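Shown below is the structure under consideration.
Everything numeric in this text was worked out from a predicted model, so none of it was measured.
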Amino acid sequence: MNAQFVELPISTRAGKFLARFSKKGLAGLDFPNEKALVVPKRSKDGPIPAEIRKWHRVTEVVLKKILAGHEPKEFPPLDLGGTEFQKSVWNALRKIALGKTKSYGEIATAIGRPKAVRAVGGACGANPVPILVPCHRVLAANNKLGGFSGGLDWKRGLLKREGINLPSTG
DNA sequence: CCCACAAGTCGCT
DNA sequence: AGCGACTTGTGGG
């Protein structure tokens with residue numbers, strides 16, 4: 001009846017994120033939203049499974065580490081839905097080391113669909129867990145920023161935090 | 001099933 | 001630098 005999920009805010013120096021956990025793991029992560037700072041209201045606030053609390057802690061650490069420019073040692077389990085294609089893309093995305101970038105074409109080639117660069121972009125946009133799945137490290141072929149669901153400004157900021165020199169100024 | 005759109009990429013001018 | 005063509009996957013009607 002209920003694909004029950006628990007939404008827990010994660011405060012970072014970049015703002016308050018909103019992590020959404022299912023029973024299987026981290027199912028979603030939202031960027032800080034000033035205009036619609038959604039504070040989750042749980043009907044039953046009491047029972048938060050210990051497992052989820054652990055994931056919450058791990059997720060918080062991961063976020064803060066990445067925002068600080070350090071690659072986290074451990075990730076929470078991810079419960080990502082979507083199509084097989086999207087999962088393939090996200091899986092490829094996670095292989096990108098912090099501080100490094102890849103192009104959409106590289107990702108497309110990595111999953112065996114070198115021509116599906118555009119579909120890759122779509123899959124990135126459908127990525128429910130940004131930052132953990134480093135969609136922001138994916139640039140266009142000319143090292144252009146491309147786009148970003150959470151806002152292009154976020155993408156620039158994230159890349160800069162990871163020590164990536166943006167081609168715009170360089 | 002058919003049509004339109006998308007976080008791209010390459011080639012030409 | 002600007003414009004168009006090509007391609008694949010997803011979403012809506």
Separation of B:dA7 atom C1' from A:F85 atom CZ, nearest Å, is 13 Å
Assign the ring pair A:F31 / A:F148 to parallel, tilted or perpendicular, where the plane angle (0 to 90°) is split at 30° and 60°. perpendicular
Rounded to whole Å, CZ of A:R137 lies from P of B:dA7 at a distance of 21 Å
Roughly how many Å is it from CD in A:Q86 to P in C:dT10, rounded to a whole number? 6 Å
Is A:G122 touching bases, backbone alone, or none of the nucleic acid, heavy atoms closer than 4.0 Å? nothing
Is there a donor-acceptor pair closer than 3.5 Å between any side-chain N or O of A:K64 and the backbone N or O of A:T12? no
Measure centre to centre between the rings of A:W154 and A:F17, then say whether the value is under 6.0 Å. yes
Would you indicate what A:R113 reaches in the nucleic acid, counting non-hydrogen atoms under 4.0 angstrom: base, sugar-phosphate, or nothing? sugar-phosphate
Please confirm whether the shortest side-chain N or O distance from A:S103 to OP1 or OP2 of B:dG8 is below 4.0 Å. no
Are any of the side-chain nitrogens in A:E60 or A:R57 under 4.0 Å away from the carboxylate oxygens of its partner? no
Side chain of A:A140: nearest nucleotide among B:dA7, C:dT10, B:dT9? B:dT9
Across all strands, who's sitting opposite C:dT7 as a Watson-Crick or G-U wobble pair, both distances under 3.5 Å? none
Nucleotide nearest A:T83 when distance is taken to its side chain, options B:dT9, C:dT10, B:dA6: C:dT10
Which of B:dT9, C:dT7, C:dG9 is nearest the side chain of A:A141? It is B:dT9
Partner of B:dA7 by Watson-Crick or G-U wobble geometry, both contacts under 3.5 Å, or none? none
Interatomic distance, A:L139 CG vs B:dG8 C1' [rounded to whole Å]: 12 Å
Let's see if you can work this out: which of B:dC10, C:dT10, B:dG8 has an atom nearest to the side-chain heavy atoms of A:V117? B:dG8
Check every strand shown and say whether A:A119 touches a base, only sugar-phosphate, or nothing at a heavy-atom separation below 4.0 Å. base
For the CG atom of A:L93 and the CZ atom of A:R137, what is their distance to the nearest 0.5 Å? 9.0 Å
Protein-nucleotide distance (A:R156, atom CZ; B:dA7, atom P), rounded to Å: 17 Å
Could you check how far CG of A:N142 sits from P of B:dC10, rounded to whole Å? 7 Å
Using whole Å, what does the distance between atom P of nucleotide B:dA6 and atom CG of A:L152 come to? 16 Å
Gap between atoms CD1 and C1', on A:I131 and B:dA7 respectively (whole Å): 16 Å
Could you check whether A:Y104 gets within reach of a base, just the sugar-phosphate, or nothing at all, counting any heavy atom under 4.0 Å? base
